[in-house]
J.: 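Provided herewith is a single structure, encoded as structure tokens, for subsequent inquiry.
Worth knowing before you read on, the calculation uses all heavy atoms, side chains too, and leaves out hydrogens, waters and symmetry mates. These figures come from a predicted structure and were not determined experimentally.
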Amino acid sequence: MSRYNPSQSEPRWRAAWDQADSFKSGADPSRPKYYVLEMFPYPSGRIHVGHSRNYTMGDVVARYKKARGFDVLHPMGWDAFGLPAENAARERKVNPRDWTYENIEAMKGQLQRLGLALDWSKEIATCDPEYYKHQQAIFLKFWEKGLAYRKSAKVNWDPVDNTVLANEQVIDGKGWRSGAPVEQRELEQWFFKITDYADDLTDGLEGLTRWPEKVRLMQQNWIGRSRGAHVRFPVANAAEHLGAEAVALGDRIEVFTTRPDTLFGAAFLALAPDHPITRHIAQDNPDIAAFIRRCEQMGTSEEDIETAPKLGVDLGLRVKHPLDPDWELPVWSANFVLSSYGTGAIFGSPAGDQRDLDFARKYDLPVKPVVLPPGADAATHTIEDEAFTGVGVVYNSAEWLNGLETPEAIETVISKLEEAGLGAGATTFRLRDWLVSRQRYWGCPIPVIHCESCGAVPVPEDQLPVRLPEDVSFDRPGNPLDHHPSWKHVDCPRCGKPARRETDTLDTFVCSSWYFARFTAPVEDAPFEAEAAARWLPVDQYVGGIEHAILHLLYARFFTRAMRDCGLVDLPSGEPFEGLFTQGMVVHETYRAEDGRWLLPEDVEERDGSVVEIATGKPAIRGALEKMSKSKKNVVDLDRFIADFGADTARWFVLSDSPPERDVEYTESGVEGVWRFIQRVWSTIDALPLSETLPKPVTPAAGAKGEALALRKTAHRSVAEVTDAIEGFRFNSGVAKLHDFANALRKTEGSNAEGMLAARAEAAGLLAQLLAPFMPHLAEEIWARLGGEGLICDAAWPEPEAALLEDETATLPIQVNGKRRSELVVAKDASPDEVEALARKDEHVKRVTDGLTIRKVIVVPGRIVNVVAN
RNA sequence: GCCCCGGUGGCGGAAUUGGUAGACGCGACGGAUUCAAAAUCCGUUUUCUUCGGAAGUGUCAGUUCGAGUCUGACCCGGGGCACCA
């Protein structure tokens, strides 16, 4: 009996796949296409077992779809621009380019050793000028179309990474990479007009039925569409308080509200502290200037905001109620009004909004309820400390409005406002435009030249790419492109006068917003071939981490729409990813020394129930299970793992036990279990007689009886079950079913029943085919051993024989009053009456119903019998 | 505070439309093999039990002939959003 040796077997099969060009896409355009993609990696160094889960899942799908007859595109590339390369340059004095390409080479080898069915002919690296020159062309196209623009705005500044960040990259007020608290700076920067698509991006979510509900919800919340109205309040005493500039600032104050139906409950207007009118009045009013300063000094952290009291100051300004000219309202400035949302101004309706109520109570402003909650009595309903924010019936308002239900009242008020020319229905969004400038070196240069006479001028297309200079110095902080002696000095392409090159680079999320399109045909003279993109897009199955739920996945959806509208891609929906799967991580135990150092799991051991560091003998602390990461020292290197156990073990392990969307814990014993399984499968195959005497593995063992028939049933049932599991992304269930199947096959060893050899040969062939997407090397080895034709990766997926999926008899559980008491073996086509009669005669049923009357017997054919007795 | 997801043996988890709860794996225990160990193989493994059976899927109620699955309230864990008008 031989053992299975992956280190000998696996390289042989990878060479065979390479030689046959097995995974080349587009080989047969008559087949339906299937595009499967895993989020491409950042070349950070080396791949560990944690990374491999993502690629393995995509690979199962790719291999399965190929077997199902699809022309599969499964490419791989490198999200190669980014800060770690610059940090490496600073710390180790290496060139970011060299560092990146070395990592790419190392990681490519690792991915290849994992046995992934990838089409490497489509490989791309975003830091390659061949890639980013097209990105620069797309940028210029967006600019031409008004989808890219430059403006001065308050932006998020990361003081550690020394660059600005998009809103999406600020998590809890901190930079997404550095974790440093973000500062606000007024800078002139490039933006993409993602807000143009805010509506469409929200509406499009509904069609993404193969996306996780959770991701769609997160995007919906992030875009934050609210429908309501803009309402303009005429200023009653503008001349007094705003002076000659009243007209410039507007003699009306516009607010946004989602509840125009509560307009008659208005008690005040409130402006943001940095609203232009607030600022203007503050020029001559020290009290208000002091208030603004005080608001600016307030923290922006979660805790600060939660505990911050409502603060405000009366600006002295008064406005007229838009639907009642005799009614004047005071105008305040309040710290809870944000200048960045809506119009930066609100009308306070204290009975219907908790913040307004808190504010009104504090400053003694009137609280008039105008919405009557369902079931409440108009005569007695009052508001104390809690506002009523729900829907109901309007009262205490204008005659024409009283008595209307909330939705109708909203519509009615909007029409009245429109008639009066003082408002209109409106939709606002939380989403802001995407800030894409970065003050970094290792990114795609923005192809713009700044000229004193001509302004910002696009680099002519025939001069693209604008290449990054390679002779850069990281000796001082800041952007090396700014410090470069010559790179930024160019002549204006329009007037020829000396000008300055834009030294900002594009956010690396721009690179990942269209790479999936370039994969379809990475040609030289275009971002991608329009025809190829039209055939392959959208991606049928995308696999990646949940951490990109908003960032990458939202940007890519925007970018695809923008490319569509620039005529670059023919994809009417604008949706790049038809199916999305967000996989869980591989987590592993962590250990720390008492002084806080992270320790490798192999550097600690258990002594008398507690953990100690082997080197020092000092106690160590067992930490939480954490996602594998270098900084926590709990990674398992993929090369090391493959050398010890083989790629198939890694693949099988990361798919076992936990559902794909949840985390899976890395354990030595789990890995050993996989190793045992592989050896057992191999020895089961090895126990079959030599291939010459065996039927070919695809031959049905027709006419089997008894034990042989039972094995055939198990085999064909397994085909159906494993197929379902793969289709439904339940790889852990597929793994379990394959365990069952392999165990069943193994149990038939030594049986001399009639027709058994043929049945075993057939089953072994089916087992190999079902294993193939999960453990492709072992599957090839078995296939060859059985004398299968060609490579198993080229074989068509097996179809179960329908007749073998059904039994002639059914085992029905019998319940009495819902409790299982017995079971009954009946013919599959037994009539309900027969089954009922048998159930009534059952010994256990008789015993349990002794002394009771059987009221009813429910027979669910083929499933269950329930006897109701009392 | 709002929204979403989850809670099943010692552990990871299975049970896809309401129909035999605990598949499969890990661990543990017992046995075989061995001078011994490793490896391997066989068996047991939800709990209680008077060995007939009884209880059991976070808690409490409900719907149903029948609930892990559906409904309501609550408890616990995880995630997202957050003075967003």
J.: Could you let me know what B/rU40 is paired to, Watson-Crick or G-U wobble, both distances under 3.5 Å, or none if it's on its own?
T.: B/rA32
J.: Using a 4.0 Å heavy-atom cut-off, does A/Ser349 contact any base of the nucleic acid, only the sugar-phosphate backbone, or nothing at all?
T.: nothing
J.: Look at all strands and tell whether A/Asn221 reaches a base, only sugar-phosphate, or nothing, counting heavy atoms closer than 4.0 Å.
T.: nothing
J.: Tell me which nucleotide among B/rG19, B/rC4, B/rG13 gets nearest to the side chain of A/Leu217.
T.: B/rC4
J.: Suppose you measure atom C1' in B/rU63 against the same atom in B/rG27; what distance do you get, rounded to whole Å?
T.: 41 Å
J.: From the list B/rU40, B/rU20, B/rA14, which nucleotide is the closest neighbour of the side chain of A/Ile864?
T.: B/rU20
J.: Under 4.0 Å, heavy atoms only, any strand: does A/Arg432 hit a base, just the sugar-phosphate, or nothing?
T.: nothing
J.: Using Watson-Crick or G-U wobble geometry with both distances below 3.5 Å, tell me the partner of B/rC74, or none.
T.: B/rG58
J.: Is the A/His588 ring parallel, tilted or perpendicular to the A/Tyr666 ring (thresholds 30°, 60°)?
T.: perpendicular
J.: Is there a Watson-Crick or G-U wobble partner for B/rG27 with both distances under 3.5 Å, and if so, which one is it?
T.: B/rU45
J.: With sugar-phosphate meaning primed atoms plus P, OP1 and OP2, does A/Arg855 contact a base, only sugar-phosphate, or nothing at under 4.0 Å between heavy atoms?
T.: nothing
J.: Answer yes if the ring centres of A/Trp332 and A/Phe359 are under 6.0 angstrom apart, and no otherwise.
T.: yes
J.: If pairing requires Watson-Crick or G-U wobble contacts with both distances under 3.5 Å, which nucleotide is the partner of B/rU16?
T.: none
J.: When all nucleic acid strands are considered with a 4.0 Å heavy-atom cut-off, which category describes A/Ser669: base, sugar-phosphate, or nothing?
T.: sugar-phosphate
J.: So, is B/rG9 syn or anti if syn means the angle is within 90° of 0?
T.: syn
J.: Which part of the nucleic acid does A/Asp356 contact within heavy-atom distance under 4.0 Å: base, sugar-phosphate only, or nothing?
T.: nothing
